[in-house]
Amino acid sequence: MDNPIIVTLEKVTKRFPAGKTEFTALNKIELTFRKGEFSGLVGPSGSGKTTLLNIIGSLDCPSEGVATVLGKNISSLSHKESAELRNYGIGFIFQTYNLLPVYSVYDNVEFALLLQKISAPKRRKAVMDALEWVGLADRAKSRPSTLSGGECQRVAIARAMVKRPALVLADEPSANLDSQNSHMIVQTMKRLNRELNTTFIFSTHDEKVMQYLDRIIYLKDGMVERDERKSED
Amino acid sequence: MLELKLAFKNLFGSGLRTWLNVTVLSIAFVIILFYNGMLDGWNMQAQRDTIEWEIGSGQVWHPDYDPYDPYTFADSHSKIPSTISSLIERGDAAAILLTQATAYPGGRMINTLIKGVDPNQKVLKIPSALLIEDNSDPEYIPAVIGSRFAKSAHLKEGDRVLVRWRDANGTFDAREITIVSVFRTNVPTVDLNQIFIPLEKLREMTSMFDEATLIVLSDMAGVPVQQDGWSYKNQDYLLKDLKDIMAAKKGGSFVISGLLLAIALLAIFDTQVLSIFRRQKEIGTYIALGMTRKKVVGIFTIEGTTHSILAILLGMAWGVPFLMLLQKTGIPMPSNADQAGIAIADKITPYYGAGMILTSVILVVLSSLVVSYIPTRKISGMKPTDALRGKIV
């Protein structure tokens, strides 16, 4: 694969305090992700999927080891620098959508661009493009409370994609969706992955999601159990 | 400004809770304006009336005169120094001679203070022009008294009342005076137990020819040259007691304003604490989307502070017509309020000065900024991963 590596994890270990002892959520993880990958972290609850996504997303730091994302060592970033990395380089998609309830669909998608201080006309075009990608341009003025679960997750995808990040992290994006919506949102992300060459890293244990992934990394007890790539057809 | 835009969106999105807080704070704001406006109005009215009725733009006192020590009254009289006499001749000052006396209205005995005042004086508002002597009756002594004294002594216009006094030599003498007018004043100290008669008549009665106890100066008099031990007292000195009382009242108003504000701010504080607890996922999302913690703290602080800005706008919307109506109609005072010894008009006209309004606005905004900020400090210590899961307690 010729695409450059955008995420490198070297012996990444994460421990959490658990009473007087420590719980090891990740244990010496060694992984790399290249630009344009559509990959997933798969494993049972407590296997360390979300913890790993949080570290890649610079929301958390490894206890040991080095996590380099888009050329930045996560552990050495200040609050401001890690906020900047997330703002410009990383999009998040959450299991519970995490849309801001008092904002309209348009405002939710626009939010990421407001932080980047992009001019209003450019913002408007980018937001409407993103809503077109996910098929929700006609719901721009709606409030999240009036949308279905699938529509909310599509808004979340638009919000993650509107700033054209190099990397999108999706934490159990289909967990709250029915089968049809699960297929729909993963297909949407797959299309965006192909069209925009955006790297997607999922955390999932949903079979419906897994069938779309090009690479599946199986985690167990905080360690990489298997790292499988689908053969090119 | 992004934080302000988000704060407004969040506030308007919160609906009823926001408007309840805003309404409570706007009520507190308007009451603070009203209360301080009333005190300022009272203060201005009291000072204006005291100047017009009692102290003029300053006074010159006999060396022995002490208004707080009645024992000094008997001896505090002498010829008026020449430098001050010229002011009186120009009409820029009015001489007053005091003597203690006893009045016997309806067979009762009341201690009084007789003040001799020139009927032609224009320095004070006392209706001295009514003190017209009857040349055909040398025994006739016209007198004007205030309505409070008239009420307490059961005297009215046209009544004659016996008064007894001691002359310059300490000899008792007594004559009947005729009440020619009963005047109304807001200043109790020129009313209670005081009788105003023509200056020359009092001089004659007491054998204190050309003498006076004090001189009241007009605006045009300036600062006179002090002579023969007579001392000049400026307005600040003469208004000190009144200002001290008003300062004490102001202190009380600060306490009441503080309590009102505290009640209103408590609601904002409570909302902030609840917001941060309930909106942890939102905080985590802001951070995940690329906001710094500092900016998130800014959003929540501005959001809380915006309550006060909305409250001021709402307060202006309903408070301005209300306060202006009160300014137009005045606030009636209880009928016995003037017995307190402070100058109080029947109706107080509130005065809303720009300084007072600005101070109140700054006070409301700054205090809401502080109570909004305190709970948001918790955000600084939040781990975004915990916030996203809503795990923080």
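Order of the sequence lines sets the chain letters (A, B, ...), proteins ahead of strands, with each chain counted from 1.
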Q | A/Leu115 versus B/Leu289, closest heavy-atom pair with distance | A | CD1-O, 3.4 Å

Q: List the atom of A/Lys117, the atom of B/Lys295, and the distance in Å for their closest heavy-atom pair.
A: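 Closest heavy-atom pair between A/Lys117 and B/Lys295: NZ-NZ, 4.1 Å.
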
Q: Answer yes or no: is there a side-chain heavy-atom contact under 4.5 Å between B/Thr285 and A/Phe92?
A: no

Point-to-point distance, once rounded to the nearest 0.5 Å, from [atom1] of [X] to [atom2] of [Y]:
{"X": "A/Asp60", "Y": "B/Thr385", "atom1": "CG", "atom2": "OG1", "value": "4.5 Å"}
{"X": "B/Leu388", "Y": "A/Asn54", "atom1": "CG", "atom2": "CG", "value": "7.0 Å"}
{"X": "A/Leu100", "Y": "B/Leu6", "atom1": "CG", "atom2": "CG", "value": "8.5 Å"}
{"X": "B/Ile287", "Y": "A/Leu59", "atom1": "CD1", "atom2": "CG", "value": "8.0 Å"}
{"X": "B/Arg389", "Y": "A/Gln95", "atom1": "CZ", "atom2": "CD", "value": "11.5 Å"}
{"X": "A/Tyr103", "Y": "B/Glu282", "atom1": "OH", "atom2": "CD", "value": "6.5 Å"}

**Q.** Contact listing (chain B partner; residues 156-166 of chain A; heavy atom under 4.5 Å)
**A.** A/Arg159, A/Lys163

Q. Among all residues two or more places apart in sequence or in another chain, which pass the salt bridge (charged side-chain N to carboxylate O under 4.0 Å, His left out) test with B/Lys9?
A. A/Asp107

Q: Give a yes or no on this: more than 12 heavy atoms of other residues, nucleotides or ligands lie within 6.0 Å of atom NZ of A/Lys220.
A: no

Q. Does a sphere of radius 6.0 Å around CZ in B/Phe8 hold more than 12 heavy atoms from other residues, nucleotides or ligands, not counting ones at 6.0 Å or beyond?
A. yes

Q | Side chain, backbone, both or neither of B/Lys294 within contact of chain A (heavy atoms, under 4.5 Å) | A | neither

**Q.** Interchain contact, A/Thr96 with chain B, by part (heavy-atom threshold 4.5 Å)
**A.** side chain

Q | Residue part contacting chain B, namely of A/Tyr88, when any heavy atom lies under 4.5 Å | A |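 Neither; nothing under 4.5 Å.
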
Q: Show your reasoning for whether side chain to side chain contact (heavy atoms under 4.5 Å, CB included) applies to B/Thr292 and A/His79.
A: CA-CA 7 Å; B/Thr292 56; A/His79 283 315; 5.8 Å; no

